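The structure appears below as structure tokens.
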Amino acid sequence: MHRLLSILICFLVASALLPFSAVAARKKKPAFAEQTSAAIRPPAVLNDMKHWSNPDYTRISLELDRDVTWEAHELGNGAPGKPGRVYIDLKRTHMGKQVKDITIGDGLLKGARVGQYKAEVVRVVLDTENIRDYKIFPLSNPARLVIDVRGEQPTQISRLAPVITAMSEPITMPKKEERSAAEKKAKSAPKTTISKIRRIVVDPGHGGHDPGAVGQSGIQEKDVVLAIGLRLQEMFKDELGLDVVMTRSTDVFIPLEERTAIANKVGADLFLSVHANAAPNRAATGIETYYLNLAKTDKVAQLAAKENGTSLEKVSVLQAILFDLMANYKLNDSAHLADEVQRFLHNKIRVRYSDVKNLGVKQGPFYVLVGASMPSILVETAFLSNSTEEARLKDSTYQEMVAEGIFEGVRSYISSLK
Ligand SMILES: [Zn+2]
């Protein structure tokens, strides 16, 4: 009942905020159209088309050089056992030289074709095999449209697909004093046998051209969270014997839609996205942990816009279709994981900084968590926008404590599953 009400409210809010219904739902013709004042600008260019197959859905990403308006239609509807087509017309767009048709053949889509349909319209055609519905939404920097296609039943993708090689680059140790061998030994003493959780994805936010939040002294979120992520990788491996997959272990840009796709592809049992917070109010401080859901406050919506690298308007587009996208999201498990991590992380930091604020567990429309089929959370380790916490974040001792706190939270979560 409560959920139904929220869906209703969400749609009301969304339709109040948006010029058109943002929902590219089945049987509804046109999708979201963006207001641009750029009639004079040259047409956009479609630079790339990528895809990721998952057990329950297929994700297509169309990479552009700027935002475009689009329209989605269906032919022959692709209902179970009835192959059909979904086509998406990108207005005022030209084909880039690199874009090619792709063969998919994963049970949901046969493939995706692309062509210059009219002088200024690029048409993307998805040849569907057995789909239930699809959703389209925009992301920024680079501009792209992500199309998530869902099926009636899970397809036959092996959850044990080999770990993506690009993700297993050699690890560079974060600059910090090495713990003594004795300390290390003591810590790793009892290697527990973990049956339910064996592979974990650690996702340091941002990277490459995307610095994330930037502190007043110039400290960048992408560097801080990478250092924390690399420590986490070590701890999970050494102390719990877990298989750890990093979405990035160097300073590279990984699109948000690819991060959860990686987690699904390697059959991860947990997904942890590590971030540092920023707020317009420089006095804001504290630690908070999120799982995926609608934003309850404007503050959260603003933070989601920041972390999604998009505008508030695009966050409302996401909010409007979030429930459909969350079909396979492990809501309760994610909330439970968030509780444990938040509690242990706050307790760990409090030992040294007794004033640290516990902002608690919250819910928000963080795009990086969309599509994850395992418990998944996003941790905001402190505020880079606050000078005191910025100084902490750049200190390797604080980074170490954060990693330990998150680690202990995850360990507690794992123990609670037994
Ligand atoms: Zn971030």
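Being a predicted model, the structure only gives us computed values, none of them experimental. Order of appearance sets the numbers: ligands from 1, and atoms from 1 within every ligand. By convention here, the first residue in the shown sequence is residue 1. Computed over heavy atoms, backbone and side chain alike; hydrogens, waters and symmetry mates excluded.
In this structure, Glu221 contributes its side chain and Gly205 its backbone to no donor-acceptor pair below 3.5 Å. Using modelled atom types, one side-chain atom of Asp65 and one backbone atom of Val45 make a donor-acceptor pair closer than 3.5 Å. Checking side-chain atoms of Glu288 against main-chain N and O of Lys362 turns up no donor-acceptor pair under 3.5 Å.
Residue pairs that meet the salt bridge (Lys or Arg N to Asp or Glu O under 4.0 Å) test with at least one member in residues 371-382, sequence neighbours left out, do not exist here. Contacts classified as ring pair (Phe, Tyr, Trp, His ring centres under 6.0 Å) and involving residues 259-279 (residues at least two apart or in different chains) are given here: His206-His275.
Excluding waters, the count of protein N/O/S atoms less than 2.8 Å from the Zn ion (ligand 1) comes to 5.
Under the rule for a side chain to side chain contact (heavy atoms under 4.5 Å, CB included), the partners of Asp355 that lie at least two apart in sequence or sit in another chain are Tyr353, Arg392.
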